[in-house]
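See below for the structure under consideration.
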There are 2 protein chains.
Amino acid sequence: MTGERESAVAIRADHPEPLWIQAVDLITSEIARGVLKPGMRLPPERELCRQLSISRVTLRKALTKLVEDGVLNSSHGRGWYVATAGTARKEWPNSLESFTETATRMGLTASSVVLRADITPASLDEAEELSIAPGTPLFRLDRVRLLNGVPIAIDQARIPEALVPNVAEADFQTESLYDKMSEAGLEIVRADSTIEAREADDHIAKHLGLQAGKPVLVMHHLVVDGLDKPLLASTIQYSGDRYRLRTSFARSGTFSRTAHPGR
Amino acid sequence: MTGERESAVAIRADHPEPLWIQAVDLITSEIARGVLKPGMRLPPERELCRQLSISRVTLRKALTKLVEDGVLNSSHGRGWYVATAGTARKEWPNSLESFTETATRMGLTASSVVLRADITPASLDEAEELSIAPGTPLFRLDRVRLLNGVPIAIDQARIPEALVPNVAEADFQTESLYDKMSEAGLEIVRADSTIEAREADDHIAKHLGLQAGKPVLVMHHLVVDGLDKPLLASTIQYSGDRYRLRTSFARSGTFSRTAHPGR
DNA sequence: AAGTGGTCTAGACCACCCC
DNA sequence: GGGTGGTCTAGACCACTTA
């Protein structure tokens, strides 16, 4: 009993992952194991450094990441605290989630009915949005998305066929388009999105079993990689009364910076 | 001509703001001024350190922030690049914005018509959401929000009166509720939000000049501080055909981290 | 092989909280 | 004043890109 040991598995300077990520994982698992409970204060930074055998800069990089994830909070002269929302917070993504991931998180079974899956030339508008030449072969995937068999939304995805070879051969009744993209080596970094409320048109209404004119929640994503190259354009129309988007906006963590008044 | 000078205003180690924030502002303004154009490569880190007279760690903190904001991208052995989306990206907030801030960013004039501003006891549901006792005095602020005089949305805000003393005396026709909260020392850290499409009810329809039953975009925020204490509950209902929410979802920034296979 | 970003360290000083 | 987080530095080594 020399004191505390954070975990049986220590941080290793060898190869595997950066030290700060190991620290993130270690602290996360301590919380999951219940060693650290919501509201509890963590040991001081300098003490943690000693325990984990890492420098303070590295530790703070890990702690910062955990704040972004909503797992921890810091208070200047007081210490680091485990967020009280704890587990619940994990259900408020501020990151992009695929429909499949959302379903998994909610414990429901996602399925799809494929309405269309073919490759045809891109129109002018599509080409412009995806930064490709008009006429470029475009894979079009239209699906009705269901949760536990209930139709929730219609998803219309458009992706240049060249980016995901043989994409048209996949069975999207069960497979995730995002997974296919990852397998093809595409690096999804960001999605610029618009969200609006519109009236259901006849086509949507029919497939979702709605009355035309009823509200639908329309999300449009343009998924891009690290160099801002468009990878995928996707429009999802959710039945207004069957879906509620959940997210969590951070108030830019570091400082407030209300726009300067005049001058 | 000894070479380049980043700007007439150098970074000052005196008091004002942290060095890394000054660096963020400086680089941002260089892009705004057109000195750095979308797609351009920045000078290498070590060179920038010299120019700005800051350490590499500090510079990298600034660069990391700019990546989060979508202003820059990095590529391992190659360099730092100005995001091609450039100016457009600034209009894709991934942070929580007040209506007033949104208007300012878009160059429009936000105004409000106050429908209600009074203090009454909290109901059971309200109390539960805000983690207060039922019957606690609650400030209720209902406003029609306009952009350049056009009604866009109805905003219903609920905040425990004790958190913002004398809140009922403010003139919310011109003032921002978020500003008042900041002045009262409240630290807004996050907003857990739901977004859905609903039909306009008679009350909403009347004030927005819509037909009842038309789609409205309903955003509900629960604004909390660093310790997850609820500060404010707010419901904003936007006219479906007059507003489109824009945001940008990051795919978990740092790394992909598909679960480890085995071991 | 040279250039450039990514990670890491040890130590310093400041600002805030609480006794 | 002691404890604690926030910022900053100078320098080192590694990993990736490009030629």
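Only a predicted model underlies this, so the values are computations on that prediction, with no experimental measurement involved. Atoms considered below: every heavy atom in the structure, side chains included; atoms not considered: hydrogens, waters and symmetry mates. A, B, ... follow the sequence lines: proteins, then strands. Residue 1 opens every chain.
- Checking side-chain atoms of A/K37 against main-chain N and O of A/G34 turns up a donor-acceptor pair under 3.5 Å.
- Summarising the geometry, atom CG belonging to A/L52 is positioned 10.0 Å from atom CD belonging to A/Q22; distances are rounded to the nearest 0.5 Å.
- Within 6.0 Å of the CD atom in A/E47, the count of heavy atoms belonging to other residues, nucleotides or ligands exceeds 12.
- Rounded to an integer number of Å, the gap from B/R50 CZ to D/dG11 C1' is 18 Å.
- At D/dC8, none of the side-chain N or O atoms of B/K61 fall inside 4.0 Å of OP1 or OP2 (strictly under the cut-off).
- Closest to the side chain of A/P44, from the set C/dC8, D/dT9, D/dG5, is D/dG5.
- Checking D/dT7, C/dT7, D/dG11 against every side-chain atom of B/P18, the shortest atom distance belongs to D/dT7.
- The interatomic distance linking A/E45 (CD) with C/dA12 (P) rounds to 17 Å, in whole Å.
- Rounded to whole Å, atom P of D/dA12 lies 22 Å from atom CD1 of A/I54.
- Within the structure, a side-chain polar atom (N or O) of B/S74 is placed less than 4.0 Å from OP1 or OP2 of C/dG6.
- The separation between A/L59 atom CG and C/dA10 atom P is 13 Å, rounded to whole Å.
- The shortest side-chain heavy-atom distance between B/I132 and B/L138 falls under the 4.5 Å cut-off.
- Separating the CD1 atom of B/I21 from the P atom of D/dT7 is a distance of 7 Å, rounded to the nearest angstrom.
- Between B/W80 and C/dG5, a side-chain N or O to OP1/OP2 separation shorter than 4.0 Å is present.
- For A/R56, taking side-chain heavy atoms from C-beta onward, the closest of the listed nucleotides C/dT9, C/dG6, D/dG5 is D/dG5.
- Of the side-chain N and O atoms in A/W20, one or more sit less than 4.0 angstrom from OP1 or OP2 of C/dT7.
- No side-chain heavy atom of B/R158 sits under 4.5 Å from any side-chain heavy atom of B/E129.
- Interatomic distance, B/F172 CZ to B/L141 CG, rounded to the nearest 0.5 Å: 5.5 Å.
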Between the protein and nucleotides 14-19 of chain C, which nitrogen or oxygen pairs are less than 3.5 angstrom apart?
from: C/dA15; atom 1: N3; to: A/H76; atom 2: NE2; distance (Å): 3.2

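- A straight line from CG of A/L63 to P of D/dG5 spans 9 Å, rounded to a whole angstrom.
- The nearest whole Å value for the distance from the CG atom in A/L19 to the P atom in D/dA15 is 12 Å.
- Note: CG (A/L48) to C1' (C/dT9) measures 17 Å, nearest angstrom.
- With distances taken from any side-chain atom of A/R60 to the nucleotides C/dC8, C/dG5, D/dG5, the minimum falls on D/dG5.
- The CG atom of A/L36 lies 8.5 Å from the CG atom of A/L72; values are rounded to the nearest 0.5 Å.
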